Amino acid sequence: MKIGCIQLNVRFGKVEENYERAEHFIREAASKGAEIVVLPELWNTGFALEKLPEIADKEGERTKEFLQKLASELGIHIVGGSVATEHDGKFYNTMYIVNKEGELLSEYNKVHLFRLMDEEKFLHAGDQMNRFKFEDVEAGAVICYDIRFPEWLRAHALDGAKVLFVSAQWPTPRIDHWKTLLQARAIENQCFIVAVNRISKKVENFNGQSMIIEPWGEVLWTGAEDEELAIIDVDFSKVDEVRTRIPVYDDRRPSLYAGVVEE
Ligand SMILES: NC(=O)CCC(=O)C(=O)O
């Protein structure tokens with residue numbers, strides 16, 4: 001399947017500009033043959049967390065309509081990155097997954113809030129997994145800091161996910177962690193990782209380096225340090241090949257991991 005990764009230059013607090021740019025890139029991805037498109041974290045607002053009462057998407061209505069309309073019109077599956085949403089007066093970092101028929105497959109609130117960027121002061125954490133299927137491909141998705149919790153991604157893989165999407169705003173100073181953690185998550189779970197980071201121009205704080213990694217750990221693509229749309233072809237059958245070569249899932253000893261990974 002061809003995957004379009006949108007390494008967006010998210011404008012801080014500039015909601016209208018961000019929807020316009022996102023639409024521009026989703027349309028371009030579809031016109032270049034992408035079958036799945038992936039956006040970064042908090043692409044509607046950036047980390048303008050203090051302004052959430054004015055700019056968060058109420059009940060996620062605008063974003064759901066935006067993604068569902070584009071998906072069905074263009075016939076493209078969308079991993080909707082994440083957007084700041086408001087539900088009953090509480091704010092969340094929410095990802096929507098929409099299939100090419102325009103159906104909302106999943107709605108995920110970021111589970112692990114990142115204190116270094118003050119998320120816990122402004123946002124509420126979710127408590128649900130994000131599992132879905134694009135055609136016959138079993139998938140899961142998480143948001144940024146979630147990748148530091150191997151048990152959380154493992155839970156998705158144990159539940160059947162063969163590809164894990166990651167939407168992020170991962171800052172430049174820890175970009176080596178980003179690359180290493182993503183590669184480790186791909187190797188240990190023997191799955192594809194499709195991870196899309198943002199870039200920024202004004203504040204040189206986010207330098208992209210989005211990645212697609214296959215289940216053996218080979219990096220298929222690394223994004224530039226600029227705004228970019230990349231279309232990468234991936235062969236999901238590689239997952240079964242790797243899981244047969246080293247049968248990690250058969251060799252697990254879950255009874256020894258009690259309290260670490262719940263079955
Ligand atoms: N937006 C985030 O969750 C950032 C996570 C991060 O930077 C990290 O080091 O972890």
Side-chain angles (χ1 to χ4, degrees), residues 5-15 18 22 38-52 55-57 60 63 79-86 90-97 107-130 140-156 164-189 193-211 213 222-223 225 227:
C5 298
I6 300 176
Q7 204 174 250
L8 197 67
N9 178 7
V10 177
R11 269 68 166 185
F12 187 86
K14 301 261 170 63
V15 173
N18 289 328
V38 188
L39 287 159
E41 182 184 16
L42 287 184
W43 60 263
N44 63 336
T45 58
F47 267 81
L49 300 180
E50 292 187 355
K51 293 206 227 158
L52 289 184
I55 61 177
D57 187 4
T63 308
V79 175
S82 75
V83 289
T85 58
E86 179 179 351
K90 293 179 182 165
F91 300 101
Y92 297 86
N93 186 337
T94 309
M95 178 184 283
Y96 297 108
I97 308 290
E107 180 169 342
Y108 171 70
N109 291 321
K110 188 176 185 180
V111 160
H112 303 97
L113 299 180
F114 189 54
R115 292 171 203 269
L116 252 61
M117 285 155 84
D118 286 341
E119 282 192 300
E120 87 293 356
K121 293 193 182 124
F122 296 93
L123 302 174
H124 284 75
D127 55 10
Q128 303 289 319
M129 274 177 80
N130 194 10
V142 298
I143 302 175
C144 204
Y145 182 47
D146 282 336
I147 66 168
R148 288 192 187 268
F149 300 85
E151 55 276 53
W152 187 230
L153 279 74
R154 179 63 126 203
H156 290 72
L164 294 172
F165 296 94
V166 182
S167 292
Q169 292 216 21
W170 194 286
T172 311
R174 292 183 299 283
I175 207 71
D176 287 346
H177 290 198
W178 161 257
K179 291 179 179 174
T180 307
L181 290 166
L182 291 173
Q183 215 165 354
R185 299 295 86 90
I187 295 169
E188 71 200 0
N189 293 305
I193 295 280
V194 177
V196 173
N197 195 14
R198 64 164 292 186
I199 67 113
S200 66
K201 278 270 172 80
K202 284 196 182 126
V203 188
E204 295 302 333
N205 205 21
F206 298 94
N207 66 341
Q209 311 276 295
S210 301
M211 295 177 94
I213 306 165
T222 303
E225 300 198 13
E227 192 165 60

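Since the model is a prediction, treat every value here as computed from it, not as a measurement. One-based numbering, in listed order, for ligands and for the atoms of each.
- Heavy atoms of W178 stay at 4.0 angstrom or farther from ligand 1.
- Taking atom 7 (O) of ligand 1 as the reference point, the nearest protein heavy-atom neighbour is R174 NH2, 2.8 Å.
- Proximity to Q169 (heavy-atom distance under 4.0 Å) selects the following atoms of ligand 1: 1 (N), 2 (C), 4 (C).
- R115 contributes no side-chain N or O that, together with a main-chain N or O of L113, makes up a donor-acceptor pair within less than 3.5 Å.
- The closest protein non-hydrogen atom to atom 10 (O) of ligand 1 is R148 NE, 2.6 Å.
- Distance from atom 1 (N) of ligand 1 to its nearest protein heavy atom, with residue and atom name: E41 OE1, 2.9 Å.
- With a 4.0 Å cut-off on non-hydrogen atoms, F47 touches ligand 1 through its side chain and not its backbone.
- Contacts of F114 with ligand 1, taken as heavy-atom pairs under 4.0 Å, involve the side chain alone.
- Taking every heavy atom of both residues into account, V142 and I147 meet most closely at CG2-CG2, 4.2 Å.
- In terms of modelled atom types and a separation under 3.5 Å, the side chain of T172 and the main chain of N205 share a donor-acceptor contact.
- No donor-acceptor contact under 3.5 angstrom links the side chains of N197 and Q209, judged on distance only.
- N18 places a side-chain N or O within donor-acceptor distance of the main-chain N or O of R11, the cut-off being under 3.5 Å.
- Side chain of W152 to backbone of V111: no donor-acceptor contact under 3.5 angstrom is found.
- Donor-acceptor pairing under 3.5 Å is recorded for the side chains of D146 and Y108.
- Of all protein heavy atoms, the one lying nearest to atom 3 (O) of ligand 1 is K110 NZ, 2.8 Å.
- C144 SG, 2.9 Å is the protein heavy atom nearest to atom 2 (C) of ligand 1.
- Contacts between H177 and ligand 1, counted as non-hydrogen atom pairs separated by less than 4.0 Å, are absent for every part of the residue.
- The closest approach between H112 and ligand 1 stays at or above 4.0 Å for every heavy atom of the residue.
- For W170 (side chain) and K179 (main-chain N/O), no donor-acceptor pair under 3.5 Å exists by modelled atom type.
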